[in-house]
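In this chain, numbering begins with 1 at the start of the sequence shown. The analysis underlying the following values was restricted to heavy atoms, covering all of them including side chains, and did not include hydrogens, waters or symmetry mates. In listed order, ligands and their atoms are each counted from 1.
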Amino acid sequence: MEATVVSTTPFEGQKPGTSGLRKKVRVFQQPHYLENFVQAVFDTQTKLDGGVLVVGGDGRFYNREAIQVILRMAAANGVKEVLVGQGGILSTPAASCIIRKYKTQGGIILSASHNPGGPDEDFGIKFNIDAGGPAPESVTDAIFERTKDIDRYRIIEARPVDLDAVGECTLGDMRVSVIDPVADYAALMESLFDFNAIHQLFNSGSFKMRFDAMHAVTGPYAKEILENRLGAEPGTVMNGVPLEDFGHGHPDPNLVHAHELVELTKGAAGLDFGAASDGDGDRNMILGRDFFVTPSDSLAVLAANAHLTPGYKAGITGIARSMPTSQAADRVAESLGVDCYETPTGWKFFGNLLDAGRITLCGEESFGTGSDHVREKDGLWAVLFWLNLLAVRRQSVAEIVTEHWRRFGRNYYTRHDYEAVDSDAASGLVAHLRILLPELPGKQLGAYRVAYADDFSYTDPVDGSVAADQGIRIGFEGGSRIVMRLSGTGTQGATLRVYIEQFEPDVAKHGRPVQEALAPLILIARELAQIEARTGRAEPDVVT
Ligand code: VG1
Ligand code: CO
């Protein structure tokens, strides 16, 4: 079939951010907008010509329309076969799993992750490379450069592919295989964790849990794995039907947006275990009865206990955490005698370390945890890891974490987000901090003395690539830190993220409310950055 060559002109601002190109749906719906970006992928990723491509998304509004366009463009650009999830569904970790398992040349994932969905909300697209992970900056930069001078794209005319039935068809000269989105992923999970032990825990009669899929992509995955394979009682998965607008919700698994689940964990009759995942299934939140596990602590606990699970019984080779993530994992790495790496925000920076075998586990403070089993963070994987630990250690979530603090000390940690602030005000704030940086080391701020202050720059130890300006770090003697950076996933104005951390070795002081323990540092951060004066905001929008 002949491909049609359509003339087009570039759109401004098609630069992928922390995790792909994210914009309002209306922006993506403009004629040629999606097509330009997709053609830039085909023009720069030449292995796709004659290769196999994985395509799927989190089921949000515009997912199906976008997939039909991508399929017709893939056929016009010489792709041999596309593997697409049934119903257009593939969680981000499942897409990574499938790219790796079938050794395809890459994948296109349609998601704006934790951002809301619907005609007036967000959409997103990203390209994952053949190793299964998000494209590194060298690739996203090349795609972006191409979007700046694109003048035509290729597409074939064809009827829409039926995405709802598993099976094969052809589109022009290309094969389209509509695959079960869950099966390969579920099999991988079964190979990593002790399903018998978890099954017994569920059948013990004394363990109550809920998994909140937040009407996003993990519903079918969680139902198959938790209810069908592991025998959790029906109804364990709540909000399990993926909806285009996530039921008007904000599919972000944190204490604010997953409050329905949080309520169920409270009080003497509360759940033993609560967990949630985000829009595209790569984030996780872990709760015990009356207990919230910070993602930074979760990474440290998983690392310290990895040997108790079948998939990691041989131990771990190293750990990486994103720069703003607390240093709790560093202490575990030290005690295990393995390396710990500090990377910029975004999962793409873990890819080389995982590929080189330098690390086994990695995580971010933003509810992301993962390992070398795929090249994305993985929400359900983290949940199963925790369930495996609970089944083996026969302790509660709270007991496991407080015992961890007793052994390693506690890193009090919080993140304050100021959302949709004026972009100029936000960049002014960062510029102001950059000017302050050189004077800070050695200075006394309240009870804290500054040990170092910089704008984080990362040199990848595997390929030597450098990522500069990755966030303001102010480190104090004793290990406390203030970190500030602007979000690279928002679609409206700027979002300022302020991360606060304080190490507490004294067990007697481990039971304090987090915001209270961190209050002095929070105040220092606000004053130093002149947050209220510059943004007009006295308080953050979201505290996690
Ligand atoms: C946020 C998080 C970051 C995460 C990214 C993608 O980025 O802070 O840790 O990797 O989202 O997560 P930013 O630039 O807004 O701070 V997801 O679940 O959107 O793929
Ligand atoms: Co996500």
Side-chain angles (χ1 to χ4, degrees), residues 15-23 56-60 90-96 109-117 122-128 133-135 137 140 213-214 216-218 221 246 250-254 257-258 276-285 294-296 299 320-326 342-351 362-370 374-382 415-421 426 430 456 467 469-472 483-499 541-542 544:
K15 184 175 171 60
T18 311
S19 180
L21 180 67
R22 292 186 190 172
K23 301 282 178 196
D58 63 9
R60 70 178 57 224
L90 277 182
S91 78
T92 291
S96 183
I109 301 177
L110 303 159
S111 171
S113 189
H114 52 289
N115 297 5
D122 292 358
F123 192 73
I125 178 167
K126 69 172 181 171
F127 177 68
N128 278 32
E137 289 200 318
T140 55
M214 304 189 86
V217 79
T218 45
Y221 295 85
F246 310 115
H250 203 129
D252 197 350
N254 60 36
H257 296 302
S277 190
D278 72 332
D280 61 332
D282 55 0
R283 297 186 177 207
N284 73 89
M285 176 170 69
T294 69
S296 297
L299 173 64
R321 59 164 176 82
S322 70
M323 183 272 281
T325 304
S326 99
E342 182 174 51
T343 58
T345 294
W347 211 260
K348 58 190 169 210
F349 294 104
F350 294 134
C362 44
E364 296 190 279
E365 50 64 42
S366 55
F367 299 82
T369 336
V374 290
R375 293 292 181 274
E376 290 278 5
K377 56 186 181 274
D378 190 343
L380 261 171
W381 168 90
R415 182 175 109 183
H416 289 195
D417 292 333
Y418 299 80
E419 294 179 344
V421 302
V430 173
F456 181 55
D469 305 333
Q470 296 295 315
I472 307 289
V483 170
M484 291 189 235
R485 56 179 285 280
L486 300 182
S487 158
T489 59
T491 58
Q492 221 181 341
T495 292
L496 170 68
R497 303 203 196 284
V498 181
Y499 312 80
D541 300 278
V542 181
T544 45

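For the pair OD2 of Asp278 and OD1 of Asp280, the angle at the Co ion (ligand 2) is about 80°; rounding is to 10 degrees.
Only the side chain of Asp282 comes within contact range of ligand 1, with a heavy atom under 4.0 Å; no backbone atom does. At a heavy-atom distance under 4.0 Å, no atom of Lys126 approaches ligand 1. Both the backbone and the side chain of Ser487 come within 4.0 Å of ligand 1, judged by heavy-atom distances. Within the 4.0 Å heavy-atom criterion, the part of Asp278 lying near ligand 1 is the side chain and not the backbone. Using a 4.0 Å cut-off between heavy atoms, Arg415 contacts ligand 1 through its side chain alone, with no backbone atom that close.
Just one of Lys126, Arg375, Lys377 meets the salt bridge (charged side-chain N to carboxylate O under 4.0 Å, His left out) condition when paired with Asp282; it is Lys377. With Arg283 as the fixed residue, the salt bridge (charged side-chain N to carboxylate O under 4.0 Å, His left out) test singles out one of Asp378, Asp58, Asp252: Asp252.
In terms of protein heavy-atom proximity, atom 10 (O) of ligand 1 is nearest to Glu364 OE1, 2.7 Å. Distance from atom 18 (O) of ligand 1 to its nearest protein heavy atom, with residue and atom name: Ser113 OG, 2.5 Å. Closest to atom 9 (O) of ligand 1 among all protein heavy atoms lies Ser366 OG, 2.6 Å. For atom 1 (C) of ligand 1, the nearest non-hydrogen atom of the protein is Arg283 NH2, 3.6 Å.
The pair Glu342-Arg321 meets the salt-bridge criterion, with a side-chain N (NZ, NE, NH1 or NH2) lying under 4.0 Å from an Asp/Glu carboxylate O.
Residue Arg497 has at least one heavy-atom neighbour below 4.0 Å for each of these atoms of ligand 1: 8 (O), 13 (P), 15 (O), 16 (O). Distances below 4.0 Å separate heavy atoms of Ser19 from the following atoms of ligand 1: 6 (C), 20 (O). Less than 4.0 angstrom separates some heavy atom of Arg22 from each of these atoms of ligand 1: 17 (V), 19 (O), 20 (O).
Residue-level check: among N/O/S atoms of Asp282, OD1 sits closest to the Co ion (ligand 2).
Contact check for Ser91 versus Glu376: no side-chain heavy atoms found under the 4.5 Å cut-off.
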